[in-house]
Protein chains: 2
Amino acid sequence: MPTSIWLREDPPAQRSSPLSRERIVVAAVQLLDQLGTGGLTMRRLAQALDVTATALYWHVTTKEDVLDLALDQIFGDVPLPAATTDWRNDVRSLIRNWRAAMLRHPWAPNLIGRPMLGPHVLARTEFLQSALSRGGLAELELAVTTRLLANYVIGAALTEATFRQAGGEHAQARRHITASPTAYPVLNASGHLDPGRWTDDELFERGLDAVLATISTGPAPLTTR
Amino acid sequence: MPTSIWLREDPPAQRSSPLSRERIVVAAVQLLDQLGTGGLTMRRLAQALDVTATALYWHVTTKEDVLDLALDQIFGDVPLPAATTDWRNDVRSLIRNWRAAMLRHPWAPNLIGRPMLGPHVLARTEFLQSALSRGGLAELELAVTTRLLANYVIGAALTEATFRQAGGEHAQARRHITASPTAYPVLNASGHLDPGRWTDDELFERGLDAVLATISTGPAPLTTR
DNA sequence: ACCTGAACACCGTTCAAGT
DNA sequence: ACCTGAACACCGTTCAAGT
């Protein structure tokens with residue numbers, strides 16, 4: 001009995017489109033969203049693209065390369081706000097949606113051990129410095145404020161994403177605190193790590209307010225120490 | 001010829017001391033310092049302790065466990081500053097040596113995808129909130145300022161450690177900027193990423209000044225938005 | 001109680017070979 | 001130019017077995 005009849009020649013596998021750097025990055029982000037940092041594997045990435053793992057290395061030099069690209073990518077997905085005449089508000093919008101972009105991909109802050117120097121990130125920095133210089137900042141003041149704001153968002157996104165991923169560890173630490181009132185008097189009084197007390201959004205916005213209030217308009221220098 | 005004579009029974013291998021959680025953590029930090037995040041392997045860690053890789057699992061449940069312990073450990077190595085009557089200066093000292101602790105172990109910021117809730121970190125937070133409350137902060141204000149400062153150090157340490165590790169990528173991004181004066185007019189004018197312009201220490205200290213200046217002493221609320 | 005040895009199911013990456 | 005297959009040198013972790 002010739003079995004060849006039953007061997008349906010499946011339509012030539014329809015390798016949907018040719019492999020490309022861009023398709024790889026998109027698939028990588030998708031995989032990271034689903035499985036987290038530990039879930040991204042060259043083999044799994046290849047599988048998602050219907051290709052051998054080794055094929056990826058034609059388009060990409062290394063796995064680190066993929067991670068760099070994925071990290072920059074998520075900032076490309078969130079458009080820059082439109083610049084207005086209110087520079088202070090421009091700064092606020094940018095910083096807000098910067099944080100939002102990272103929290104939408106909770107693996108992103110974890111990856112920020114890698115230099116954030118991709119074009120999308122640079123475009124954001126350009127926007128930020130442009131708004132700040134419209135606010136009258138220049139030279140050292142400009143550099144300091146840029147770093148302050150950038151470090152604040154990065155730190156905030158990292159902290160918040162971490163807390164969201166960590167399951168019971170949060171609550172466990174809280175119990176550790178309440179169990180040792182002598183070691184942590186102030187933390188107990190202030191309700192540190194008490195989840196119901198304040199929201200992340202609230203704390204972030206108020207902190208941003210404080211930083212923005214810092215910025216002296218006009219020629220006055222930063223407070224000297 | 002009896003060879004047994006020549007088989008010097010080497011002194012019983014002197015497994016220097018019994019294996020323990022603590023010894024594991026110390027060895028882990030050492031390995032991380034030498035080889036970076038990617039260099040820490042359960043097998044290598046075991047080898048450094050003169051033990052089989054599988055032996056580690058008696059004292060530790062998982063590799064993640066080791067990483068958590070190592071991260072908290074480095075904050076135990078840097079003592080808390082002595083509290084003085086100048087609360088503002090106490091805050092400054094704490095934040096400064098917090099950053100220093102992380103920069104001394106450049107792999108640390110990379111690991112801060114893990115929740116920083118170890119006892120050493122909590123002790124630092126207690127110190128911080130204590131100083132701030134002596135400065136008159138409470139409730140929301142206290143929570144906001146705590147987060148603001150913590151996120152700032154974390155972001156700063158992460159950014160700086162990253163830049164130090166990244167070899168040519170820094171310079172490469174700088175060239176990308178200078179090559180596109182139309183896309184990055186402000187970044188070019190401000191000399192962004194120009195290494196010689198300002199030092200990390202300088203930028204960090206001035207940013208800290210700005211944040212500290214934010215803190216209203218007395219009953220006055222934070223600037224409302 | 002503490003450690004070893006062998007084994008399992010993975011990794012990232014290289015390289016010759018195919019088309 | 002682009003992709004496959006086989007192979008190399010690793011991983012983290014489990015589990016029975018030794019002492």
Side-chain angles (χ1 to χ4, degrees), chain A residues 9-32 34-71 107 110-111 113-114 165-167, chain B residues 9-32 34-71 107 110-111 113-114 165-167:
Chain A
E9 323 171 26
D10 30 18
Q14 185 66 12
R15 175 172 297 119
S16 25
S17 26
L19 202 50
S20 73
R21 236 176 135 79
E22 187 159 343
R23 283 190 64 226
I24 292 178
V25 177
V26 171
V29 170
Q30 232 167 337
L31 227 49
L32 285 165
Q34 290 167 23
L35 306 173
T37 317
L40 182 66
T41 281
M42 293 305 268
R43 287 172 148 97
R44 257 202 279 258
L45 182 54
Q47 194 182 2
L49 291 162
D50 204 16
V51 149
T52 339
T54 55
L56 299 174
Y57 287 87
W58 180 262
H59 304 272
V60 133
T61 66
T62 188
K63 185 186 177 183
E64 293 215 336
D65 200 3
V66 176
L67 292 176
D68 284 340
L69 292 167
L71 184 56
W107 47 268
N110 283 75
L111 247 49
R114 350 227 66 263
Q165 284 170 314
Chain B
E9 323 170 25
D10 29 16
Q14 186 66 13
R15 175 172 298 118
S16 25
S17 25
L19 202 49
S20 73
R21 234 175 136 78
E22 188 158 344
R23 282 190 65 226
I24 292 178
V25 177
V26 170
V29 170
Q30 230 166 339
L31 227 48
L32 285 165
Q34 290 167 22
L35 306 173
T37 317
L40 182 66
T41 281
M42 293 304 269
R43 287 173 147 97
R44 255 201 280 256
L45 182 55
Q47 194 183 1
L49 291 161
D50 204 16
V51 148
T52 339
T54 55
L56 299 174
Y57 288 87
W58 180 261
H59 305 270
V60 132
T61 68
T62 186
K63 186 186 177 182
E64 293 216 337
D65 200 4
V66 176
L67 292 177
D68 283 341
L69 291 167
L71 184 56
W107 47 269
N110 283 75
L111 247 50
R114 351 226 67 264
Q165 284 170 314

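This structure is a prediction, so every number in the text was calculated from the model and none was measured.
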K.L.:
Nearest to the A:T41 side chain among C:dG12, D:dA1, D:dT13, which nucleotide is it?
P.N.:
C:dG12

K.L.:
For the side chain of B:R44, counting heavy atoms from C-beta on, which of C:dG5, C:dT13, D:dC11 is nearest?
P.N.:
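Closest of the options to the side chain of B:R44: D:dC11.
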
K.L.:
Mind calculating the distance between NZ (B:K63) and C1' (D:dC10) to the nearest angstrom?
P.N.:
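It works out to 12 Å between those atoms.
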
K.L.:
Can you tell me the pairing partner of C:dT4 across any strand shown, Watson-Crick or G-U wobble, with both distances under 3.5 angstrom?
P.N.:
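Because both required distances fall under 3.5 Å, C:dT4 counts as paired with D:dA16.
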
K.L.:
Using atom CD of A:Q47 as one end and atom C1' of C:dC11 as the other, report the distance to the nearest whole Å.
P.N.:
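Rounded to the whole Å, the gap is 14 Å.
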
K.L.:
Mind calculating the distance between CG (B:D50) and C1' (C:dC3) to the nearest angstrom?
P.N.:
12 Å

K.L.:
Send over the distance from B:R21 CZ to C:dC3 P, rounded to a whole Å.
P.N.:
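Between P of C:dC3 and CZ of B:R21: 14 Å.
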
K.L.:
State which of D:dC3, C:dT4, C:dT13 makes the closest approach to the side chain of B:T54.
P.N.:
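Shortest atom-to-atom distance from the side chain points to C:dT4.
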
K.L.:
Please name the pair of heavy atoms, one in A:H59 and one in A:I24, separated by the smallest distance, quoted to 0.1 Å.
P.N.:
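Reported closest heavy-atom pair: CB-CD1, 3.8 Å.
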
K.L.:
Expressed as a whole number of angstroms, how long is the span from A:R23:CZ to D:dC2:P?
P.N.:
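Value for this atom pair: 14 Å.
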
K.L.:
If you take all heavy atoms of B:T62 and B:Y57, which pair is closest and at what distance?
P.N.:
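Taking every non-hydrogen atom into account, CA-CE2, 4.3 Å.
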
K.L.:
Does a side-chain N or O from B:W58 land closer than 4.0 Å to OP1 or OP2 of C:dC3, or not?
P.N.:
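Answer no for this pair, as no side-chain N or O of B:W58 is under 4.0 Å from OP1 or OP2.
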
K.L.:
In this structure, which one of A:V29, A:L32, A:L35 forms a side chain to side chain contact (heavy atoms under 4.5 Å, CB included) with A:L40?
P.N.:
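Answer to the side chain to side chain contact (heavy atoms under 4.5 Å, CB included) test with A:L40 among A:V29, A:L32, A:L35: A:L32.
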
K.L.:
Over all heavy atoms of both residues, which pair between B:L19 and B:V51 is shortest? Give the atoms and the distance, please.
P.N.:
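The answer is CD2-CG1, 3.9 Å.
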
K.L.:
Looking at B:R23 and B:P18, what are the two nearest heavy atoms and their distance?
P.N.:
NH1-O, 3.3 Å

K.L.:
Ignoring the backbone of A:R43, work out which of D:dT13, D:dC3, C:dC11 is nearest its side chain.
P.N.:
C:dC11

K.L.:
Nearest whole angstrom, please: distance from the C1' of D:dC11 to the CD of B:E64.
P.N.:
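These atoms are roughly 15 Å apart.
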
K.L.:
Could you check which of C:dT13, D:dC2, D:dT4 has an atom nearest any side-chain atom of A:Y57?
P.N.:
C:dT13

K.L.:
Tell me what B:L40 touches on the nucleic acid: a base, only sugar-phosphate, or nothing, going by heavy atoms under 4.0 Å.
P.N.:
sugar-phosphate

K.L.:
Find the distance B:L56:CG to C:dG5:P and express it as a whole number of Å.
P.N.:
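Distance, rounded to whole Å: 14 Å.
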
K.L.:
Any idea which of D:dA1, D:dT13, D:dA6 is nearest the B:M42 side chain?
P.N.:
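Per side-chain heavy atoms of B:M42, the pick is D:dT13.
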
K.L.:
Side chain of B:T52: nearest nucleotide among C:dC3, C:dT14, C:dT4?
P.N.:
C:dT4

K.L.:
Do the side-chain N or O atoms of B:H59 get closer than 4.0 angstrom to the phosphate oxygens (OP1, OP2) of C:dC3?
P.N.:
yes

